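Not measured: the values here are computed from a predicted model. One-based numbering, in listed order, for ligands and for the atoms of each.
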Amino acid sequence: MSEKLLEKYANVIVSIGINLQEGDRVEINGDVEALELLREIVRLCWRKGAADVLVDIQDPQMGLSKYEEANSDVFDRFPQEKLDFSEALMKAKYHKISISAPLLDLFQNVDRDRKSRWRRTSAKAREPLMQYMQKGDIKWVVAAAPSRRWAEKVFPHFTCKDATDALWHQIFKMCRVDRDDPVTAWKLHDWILRIHANWLNIQAFDRLHYSGPGTDLTVGLADRHTWVGGSSLTPDKVAYMANIPTEEIFTAPHALRVDGYVRATKPLIHMGHVLENFTLRFEKGEVVDFSCDRNANLLEELLCLDEGARRLGEVAIVPNSTPISQSGILFYSTLFDENASCHFALGSSYAESIIGGSEMTKEERFELGANHSLTHVDFMVGGPELDVIGYQKDGTEVKVLHQGEWAVDL
Ligand code: ZN
Ligand code: ZN
């Protein structure tokens, strides 16, 4: 992996990702295998005038030892001191950079009861902190760096070093880091995503109809929904890119107005397990039936987490011609795979998908149809055979996607 490209990648994360402004405070979370990239990012943050840079390095193997060795009651209580610290950072507006690698099956053999108890405990404990993120004045970005385990999963026939190099190569390509001027390339890409989001907003669709192999689904859209694509804006109008890469334009479906059935077109990686070939059937917004070839019990567990986990919280359009989709690579990482395919999410919606949503309570957003849950899990439904038709309130039909591509030429 070339040092020059690593510097360029760090620059995309700092300049486009959180768009660091002089005097910003930054909190960086990163995987222990991403040290080289993290060092570049920290250096750049200081160079660009950060007021403080806090780094939290995580090692998945240490995370694993907790599940294997800790006393059982550890999984039912979240240390208040940790929450207080997180809250203090959010109050002081520490912007967040996360550099991750998917954990894959690392936690596969961990006691399932401990895992689901901890998931619930930490989601509940952290819920009150969401209000700080929803205000929108904390900029954040999630990007990836290869771990050995991840690289070997994506490129199983390569040696470890070759697999890691190949994954870096793909990450640089998908994140436009291989361009002469990646920052300008990202600004242009952002502009194109926003044009499509604006077009969808002008259409003011009441609902979308999806058809494809194994899919015949009508998805109502939340009242006052807005399509979001590319960069987000803080209340002070500073643009930041929350995901690198990103190819999606998304909004909030109506939690009570989804009917029909949908088949996932790519495997879903959930808690380290692969859920394959699954179909969900919806009535009045709720999953009333499902089938799944592998790990069906995990899908059931996911759907039973809470009332909102059985309803949709995100509908995202991604044309089939995006670089990630065209690469044909299954990345086993939501950050990449969701940008290769139209997708939905089971669970919570994003406040920014509702006009004025960040100033509303979750109950107020739910009144408009925006779903609420402790979870948010994306699953892919796109592909070259997917057609999406939008319906306006008066019944006017507009083609949105034809055979996986934008049906409009903007
Ligand atoms: Zn999405
Ligand atoms: Zn999502």
S.K.: When you look at CD of E367, are more than 12 heavy atoms from neighbouring residues, nucleotides or ligands closer to it than 6.0 Å?
M.R.: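 Check fails, neighbour count at 12 or below.
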
S.K.: Between the main-chain N or O of R311 and the side-chain N or O of N371, is there a donor-acceptor pair closer than 3.5 Å?
M.R.: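 Yes; at least one donor-acceptor contact below 3.5 Å.
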
S.K.: What N/O/S atom of H376 gets nearest to the Zn ion (ligand 2)?
M.R.: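 This turns out to be NE2.
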
S.K.: Which N, O or S atom name in E248 marks its closest approach to the Zn ion (ligand 1)?
M.R.: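 Closest N, O or S atom of E248 to the Zn ion (ligand 1): OE1.
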
S.K.: At less than 2.8 Å, would any N/O/S atom of D378, backbone or side chain, sit next to the Zn ion (ligand 1)?
M.R.: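 False for D378.
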
S.K.: W199 vs F205 aromatic rings, parallel, tilted or perpendicular, using cut-offs 30° and 60°?
M.R.: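 The arrangement is perpendicular - the two ring planes meet at more than 60°.
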
S.K.: With respect to the Zn ion (ligand 2), please indicate if H343 possesses an N, O or S atom at a distance under 2.8 Å.
M.R.: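 Short answer: no, not a single N, O or S atom is under the cut-off.
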
S.K.: Need the atom name: nearest N/O/S atom of E314 to the Zn ion (ligand 1).
M.R.: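 Minimum-distance N/O/S atom of E314 relative to the Zn ion (ligand 1) is OE2.
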
S.K.: Determine which of the N, O or S atoms in E338 is closest to the Zn ion (ligand 1) and give its atom name.
M.R.: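 Nearest to the Zn ion (ligand 1) within E338's N, O and S set: OE1.
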
S.K.: Among D31, N29, L35, whose side-chain contact (heavy atoms from CB on, under 4.5 Å) with I57 holds?
M.R.: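 The single option meeting the side-chain contact (heavy atoms from CB on, under 4.5 Å) with I57 is L35.
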
S.K.: Where does the angle between the aromatic ring planes of Y350 and H376 fall among parallel (under 30°), tilted (30 to 60°) and perpendicular (over 60°)?
M.R.: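 Y350 vs H376 ring planes: tilted.
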
